[in-house]
Amino acid sequence: MIKYILFVTFLLGSFCIHAQIIPVNIVPRPQKTEIRLGYFEINGHTTVLAPVKDSAAWAMAKQLVAQVYRLTGLRLLQLDITQNSQHDDTILFTTNDENSGDEGYTLEISPGNIVLTGHSGAGLFYAWQSFEQLMPAEIMATPIPRVDDPVRLQALFIEDHPRFGWRGMHLDVSRHFFDKEFIKQYLDYLAMLKMNVFHWHLTDSQGWRIEIKKYPRLTQTGAFRVQRPGERFAEALPQKPGELVNYGGYYTQADIKEVIAYASARHIAIVPEIDMPGHCMAALVAYPQFASIPGPLSMPSGRVGAYNNSFNPGNDSTYLFLQDILTEVMDLFPGDYIHIGGDEVDRNIWKDNLLCQEKMRKENLKSLDELQSYFIRRIEAFIHSKGKKMIGWDEIIAGGLAPEASVMSWHGYKGGVTASKTGHYVVMAPAAYAYFDLYQGDPELEPEAYSRNLLSTSYQFDPMPSELRPEAKKFILGGQGCLWTETVPDAAHVQHMLFPRILALAESVWTQPERKNFEDFRSRLLFYMKRLDLEKINYARSALNVWIRPVRDTAEARLTISCSNELGMGKIFYTVDGSIPGPGATLYTVPFRIAGNTQVKAAAFMGTELISVLTTEQFMLSATSSKPIHLGSQPALRFAGYNSFTLSDGIRGSENPFDGRWLGFTGSGLTATIDLGKLRTLKNIGFDFMDEPGLSVYLPRNVSIEVSDDGRSFISLMNYTETDLRNMRVGNIARIYREFAPVSLRYLRLTATGREPGAADDGKTYLLIDEISAN
Ligand code: TNX
């Protein structure tokens with residue numbers, strides 16, 4: 001950590017000396033920044049002005065006075081605007097119209113004075129957030145360390161307003177619990193980035209976290225579970241009879257009120273989520289009479305499978321129960337929106353339920369989707385009748401969207417596009433860009449997660465689908481990031497998943513797309529890192545780690561190796577002899593070739609200071625390396641690797657199916673045809689398939705290998721059955737390697753057949769294959 005601060009300081013130092021102006025590094029980037037001549041220097045005569053009758057503005061001014069005192073030892077005078085006759089040496093906080101609802105602001109720094117003007121209370125708050133980012137980073141530290149240099153602020157004019165009205169961040173407090181003090185910190189993170197919605201995922205299968213006075217067992221039993229040491233959340237089985245709970249917690253209604261007040265002082269609205277009709281085991285364990293599958297039920301410790309029990313939509317008393325709960329929730333939360341979840345419901349379980357069957361007959365519902373829609377509509381009508389708005393995950397579209405419902409689109413943009421076209425409000429939270437529980441770097445160097453969402457990917461997030469017509473665009477409220485916590489057990493880990501991706505998100509929801517630029521963002525991020533260091537926020541440095549990537553030299557169909565880090569920071573040194581690279585190793589400049597099987601190791605340095613962790617990649621070269629591969633069908637998004645080259649890039653997939661090195665196919669299976677470019681004589685072949693039934697990843701039913709010298713007529717070389725493959729398993733990978741009498745060929749074709757989805761699969765199965773090598 002210390003080392004890290006040193007190098008950031010070194011970097012900033014060299015930046016400032018050479019630059020004429022004092023750097024302006026605001027995240028999210030303002031819509032308009034005009035740098036002017038000179039600077040304002042805070043001195044002993046500087047007076048801070050604010051209207052005393054605007055208590056929020058007065059409080060901000062007061063905070064500034066306190067910060068300046070701690071930072072410099074100077075005691076600034078704070079005066080009510082009306083009592084002031086001084087014009088120079090002032091810092092003025094003012095609002096045009098406290099309640100205008102316009103979140104814009106201006107910030108003008110001149111050599112003589114500073115004026116922060118909000119178009120509303122929120123606007124002034126955002127002007128203040130920008131201003132704080134222009135102050136020395138030390139003000140983020142507690143306690144604030146004294147600086148000896150005078151505080152100078154670059155003269156400038158900023159005119160700023162958000163692109164979207166919904167700039168959200170979510171936190172799942174069910175899978176793991178975070179106490180109210182941490183929630184307040186979380187709100188601080190949002191506030192400094194001008195985000196204005198906190199989506200509080202309060203209930204799920206592994207914990208009910210909000211006190212409901214009428215149903216005390218929801219928290220008495222529902223808020224506590226068993227956590228067994230060393231057990232992975234994804235594998236942990238429910239509480240066993242006699243086993244004592246040892247993990248949990250919940251917020252009392254008083255806690256919730258406290259958090260709401262804290263948020264509202266920061267112009268953040270809280271959207272509470274009470275997930276229904278699925279994701280609710282904790283509630284069903286407490287009140288099993290409302291379950292679709294009758295008891296005995298036991299409290300999940302982790303694993304439930306997304307598809308499990310649910311509230312019973314055929315039972316009328318379920319609605320009364322949920323309405324009572326929602327009434328308490330709506331009484332507590334002053335905001336417009338109530339989130340009812342609605343995601344990932346296993347509707348098949350309703351088939352065998354008599355009440356559900358009866359309900360379907362009586363209401364003339366033709367499918368299980370329609371039964372779900374009936375449930376959501378009924379809940380929506382209730383919420384609407386209380387003057388509130390309902391929002392749910394995009395699954396609520398199935399079977400017909402409730403009339404006034406808003407949609408949160410997480411399966412990509414599609415649900416949001418569909419809903420906005422039919423006049424429903426939408427918040428975009430597409431997992432690939434906006435989920436922060438996903439890997440943000442090489443899985444081998446990161447704590448357990450799944451899939452992938454890099455910092456640069458988050459930065460590409462644009463909540464507004466370009467394909468929408470202007471009428472539909474009006475319905476896109478904005479965007480949101482989500483942090484699910486199955487694999488995020490504590491506060492430090494939350495910080496690691498959140499930072500720095502939340503900075504990218506904040507810019508994606510605040511800044512107009514034409515003002516966004518990743519290069520520029522990277523340089524501002526560096527300054528921000530110093531703030532995070534001083535604030536002791538445990539941000540991820542994953543974007544500094546080196547990616548050792550195979551690159552296909554298309555002209556020669558040869559494999560070359562490139563090294564880079566996402567932030568483009570530091571110098572990269574590498575070795576190919578297994579030794580640890582230091583700043584004396586080979587400096588990476590352009591993609592290089594390797595010979596034979598090679599272990600490449602690389603790391604990034606700033607001067608002689610190591611700024612990344614060490615990355616290692618094992619390459620195995622063979623006749624197939626970098627040769628073009630034709631795929632019969634496209635890989636599934638979840639396991640897309642980097643196109644067909646993944647299979648001949650010299651890197652073998654690891655035991656982690658999400659390492660980006662596997663290609664996954666749904667449907668009937670896959671065909672991959674490799675063109676070696678000319679006739680070659682081969683005598684062995686190898687390839688791997690993954691076996692991860694928990695993720696619906698299965699070994700193929702059959703695999704066949706065929707060869708051809710013209711690409712048209714193929715002859716069979718070998719076949720494998722599922723049983724053969726099963727016998728070749730090492731851990732979760734079937735590693736196939738076979739030698740044969742020399743064969744001359746140009747084309748090699750691998751065909752694998754998948755299996756039909758079973759009851760435990762979410763309508764899909766996957767075949768995961770990697771590296772097809774041959775010699
Ligand atoms: C899907 S996103 C879920 C959550 C999980 C998340 C993990 C959504 C509406 N449902 O229950 O925590 O994936 O990324």
Side-chain angles (χ1 to χ4, degrees), residues 168-178 199-209 232-236 271-283 300-310 337-347 372 376 390-398 405-416 419 426-440 443 446-453 457-458 479-489 493-494 497-498 501 637-639 657-658 694-696 761-764:
M169 188 64 219
H170 146 292
L171 182 67
D172 165 10
V173 295
S174 170
R175 276 57 177 271
H176 284 97
F177 178 64
F178 301 92
H199 172 175
W200 206 356
H201 185 78
L202 286 162
T203 71
D204 211 300
S205 286
Q206 295 85 353
W208 184 282
R209 307 289 179 209
R232 282 182 66 229
F233 188 91
E235 283 162 3
V271 175
E273 180 179 348
I274 307 295
D275 209 337
M276 61 183 81
H279 282 277
C280 62
M281 281 302 289
S301 307
R303 183 183 180 127
V304 280
Y307 300 84
N308 202 277
N309 215 334
S310 70
Y337 273 99
I338 302 292
H339 201 305
I340 54 81
D343 54 317
E344 301 183 317
V345 184
D346 186 356
R347 308 190 273 270
Q372 171 174 304
I376 302 283
M390 188 199 85
I391 187 165
W393 299 108
D394 52 35
E395 283 95 333
I396 65 171
I397 297 173
S406 301
V407 169
M408 196 169 267
S409 195
W410 72 280
H411 288 95
Y413 289 90
K414 208 167 117 233
V426 167
V427 175
M428 289 293 187
Y433 300 92
Y435 272 29
F436 294 166
D437 56 331
L438 312 186
Y439 283 117
Q440 58 189 313
E446 294 291 324
E448 183 193 350
Y450 77 102
S451 195
R452 179 180 291 181
N453 174 22
T457 317
S458 287
Q480 181 179 299
C482 294
L483 183 46
W484 301 99
T485 58
E486 289 94 331
T487 55
V488 183
H493 201 136
V494 166
M497 302 311 275
L498 202 61
R501 285 181 291 192
L637 212 58
R638 219 172 142 80
F639 301 108
F658 298 109
L695 294 168
S696 300
D761 306 310
D762 172 20
K764 264 186 218 153

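Just so it is clear, the values below take in all heavy atoms, side chains as well, and ignore hydrogens, waters and symmetry mates. Read the numbers this way: they start at 1 and go in the same order the structure lists the ligands and their atoms. Quantities reported herein were computed from a predicted structural model and do not represent experimental measurements. Numbers for residues simply follow the sequence, beginning at 1.
- A donor-acceptor pair under 3.5 Å is formed between the side chain of Arg501 and the backbone N or O of Phe436.
- For ligand 1, the atoms closer than 4.0 angstrom to any heavy atom of Glu486 are 5 (C), 7 (C), 12 (O).
- Gln206 places a side-chain N or O within donor-acceptor distance of the main-chain N or O of Gly302, the cut-off being under 3.5 Å.
- Proximity of the aromatic rings of Trp484 and His170 is defined here by a centroid distance below 6.0 angstrom, and this criterion is met.
- For ligand 1, the polar-atom distance check finds no N/O of Asp172 at less than 3.5 Å from any of the ligand's N/O atoms.
- In this structure, atom 11 (O) of ligand 1 lies nearest to the protein heavy atom Arg175 NH2, 3.0 Å.
- Atom numbering of ligand 1 starts at 1 in the shown order; those under 4.0 Å from a heavy atom of Asp343 are 3 (C), 8 (C), 9 (C), 10 (N), 11 (O).
- Checked against the 6.0 Å centroid threshold, Phe233 and His176 count as a close aromatic pair.
- Side-chain contact, Tyr439 with Ser451: no donor N or O sits under 3.5 Å from an acceptor N or O.
- Applying the 4.0 Å criterion to heavy atoms of Tyr450 picks out, from ligand 1, the atoms 7 (C), 14 (O).
- Numbered from 1 in the order shown, with element, the atoms of ligand 1 that lie under 4.0 Å from a heavy atom of His279 read 11 (O).
- Under a 3.5 Å cut-off, the side chain of Ser174 and the backbone N or O of Gly207 do form a donor-acceptor pair.
- When hydrogens are left out, the protein atom nearest atom 2 (S) of ligand 1 is Tyr435 OH, 2.6 Å; that is the closest non-hydrogen contact.
- Distances from atom 7 (C) of ligand 1 to the heavy atoms of Thr485, Leu438, Asp437, Thr487 show the closest one on Asp437.
- Atoms of ligand 1 lying under 4.0 Å from any heavy atom of Glu344, numbered from 1 in the order shown and given with element: 1 (C), 3 (C), 10 (N), 11 (O).
- Aromatic ring centres of His411 and Trp393: separated by at least 6.0 Å.
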